[in-house]
Amino acid sequence: MLSRTIARLHKDYVTYRNDGVPFPLESVIAWYVLLALQEQRTIRGNIMEMGVEHGGTAFLGTVALREDEHIDLIDLKKSPRFAKVAERLPTALASRVHFHECSTRAPELAEIAKQLFRFVHIDAGHSKQDVLDDIGRFAGCVAPDGILCLDDVFEIRWPGVTEAIFEAIPSTGLVPFLLVNRKLYLAHKDMAGVYRDMLVAALPEIEVFGNMRHWTEEMLGGVTLIWKQALRTTDLNLLLPSTA
Ligand SMILES: C[S@@+](CC[C@H](N)C(=O)[O-])C[C@H]1O[C@@H](n2cnc3c(N)ncnc32)[C@H](O)[C@@H]1O
C-alpha cells in the first residue's frame, strides 16, 4: 500500500528533522508519493541533490534510501542546521549521506557527473547561467527510470530559472510529467507517462488532505500533470494514522 510507505517516510523524516518543512505541503506530499512509487515499482538507485541549505529536501531523499543506496548532496557550504539534523541519523544511514562541500561546477564532481541516479534534484544557484550549467552537467545523470526535479520554475523571484529550463530541457531527452507548486518533475519520455498515470492513480491515497485539483497541460514536449491542492489542513501528520 502506497499510503503505508508514505506514512513511514514521513515518520522517519519528522523523527530526524522535527523543525518543520520550509516549503508548501503539496510539494512535500509530491516527494513522498514519488519516492513511494519508486519503492513500489522497485526503481532503485542513488539520489543526488544540488543545493542543500538546511536539508529540507535532502532529508526527504535520505529517508527513502534502501540499505544499498546513498545520497550525494552538493552545496557551497554545509549549514550548521543541516549538520545538527545529520547528527541525529542512525550511523548506518549517516554513512550513506555523502556531502560534497563545493560548487556544482567543481572538477571533483566529475566522477559523480558520470553516474546514474533514480532521483536528481537541482536547487542550487538560481541565475539563468547557474541553471543552464547544472542542467547541462547533470541532466544526463537521470537513470532511464529516474526523475529530475527542478526547483523554482515560474517563480517570480528568479525568472532566469524558468528561462534556463525552457532553453535547456528540449535537448536533454527529458519531458515533464508533474508540476506542483514551484517544482517541475521530469523523466525520460517513455517513463514520464508511467509516472503520470501512477500519480493520478495515487490521488485517492492522499485525499485525507482534501481534494487535489488536477489536470494536464502540454509543455516542453510532455503532458504535464498539474496538482493544485485545496488544502483543508496544514497538518502533515495526517499522513500517519493509516499505519497506526
Ligand atoms: C534554495 S537553497 C536550497 C534549498 C534546499 N533544497 C531546501 O530544501 O531547503 C540553495 C542552496 O544552493 C547553494 N548554492 C548556490 N549556488 C551553488 C553552486 N554553484 N554550487 C553548489 N551550491 C550552490 C546555496 O549555498 C544554498 O544553500
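Read the numbers this way: they start at 1 and go in the same order the structure lists the ligands and their atoms.
Taking only non-hydrogen atoms, the option from Leu76, Ile74, Leu73 nearest to atom 23 (C) of ligand 1 is Leu76. Counting heavy atoms only, Gly56 comes closest to atom 9 (O) of ligand 1 of the residues Gly51, Cys102, Gly56, Gly61. Ranked by closest heavy atom to atom 24 (C) of ligand 1, the top entry among Asp152, Thr57, Asp75, Asp133 is Asp75. Among Ala124, Ser27, Ser127, Cys149, the residue whose heavy atom lies nearest to atom 12 (O) of ligand 1 is Ala124. In this structure, of Val28, Thr104, Ile122, the residue bringing a heavy atom nearest to atom 20 (N) of ligand 1 is Thr104.
At least one N or O atom of Asp123 sits closer than 3.5 Å to an N or O atom of ligand 1. On a distance-only criterion, Gly125 and ligand 1 share at least one N/O pair closer than 3.5 Å.
Salt bridge annotation for Glu87-Lys84: absent, with no cationic side-chain nitrogen under 4.0 angstrom from a carboxylate oxygen. Between Glu26 and Lys228, none of the side-chain N atoms (NZ, or NE/NH1/NH2) sits under 4.0 Å from a carboxylate O, so this pair counts as no salt bridge. Taking a cutoff of 4.0 Å between a charged side-chain nitrogen and a carboxylate oxygen, Asp152 and Lys183 do not qualify as a salt bridge. The residues Arg8 and Glu39 are annotated as salt-bridged, a charged nitrogen and a carboxylate oxygen being separated by less than 4.0 angstrom. Residues Arg105 and Asp133 are paired through a salt bridge, judged by an N-O separation under 4.0 Å between the basic side chain and the carboxylate.
Near Ser103, the atoms of ligand 1 lying under 4.0 angstrom from a non-hydrogen atom of the residue are 19 (N), 20 (N), 21 (C). Listed by atom number, the atoms of ligand 1 under 4.0 Å from Val52 heavy atoms are 5 (C), 7 (C).
Using 4.0 Å as the threshold, Ala106 has no heavy atom nearer than that to any atom of ligand 1.
Residues Tyr13 and Val28 have side chains not in contact (no heavy-atom distance under 4.5 Å, counting atoms from C-beta outward).
By the ring pair (Phe, Tyr, Trp, His ring centres under 6.0 Å) test, Tyr16 is found to be paired with no residue, residues two or more places apart in sequence or in another chain being considered. Taking Glu167 as the reference, Lys128 meet the side chain to side chain donor-acceptor pair (under 3.5 Å) condition, with sequence neighbours excluded.
At a heavy-atom cutoff of 4.0 Å, ligand 1 is contacted by no atom of Ser79, backbone or side chain. By the criterion of a heavy-atom distance under 4.0 Å, neither the backbone nor the side chain of Asp130 is placed next to ligand 1. For Lys77, every heavy-atom contact with ligand 1 shorter than 4.0 Å involves the side chain, none the backbone.
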Derivation and outcome, side chain to side chain donor-acceptor pair (under 3.5 Å), residues His70 and Asp72 | CA-CA 7 Å; His70 70 261; Asp72 283 299; 3.0 Å; yes

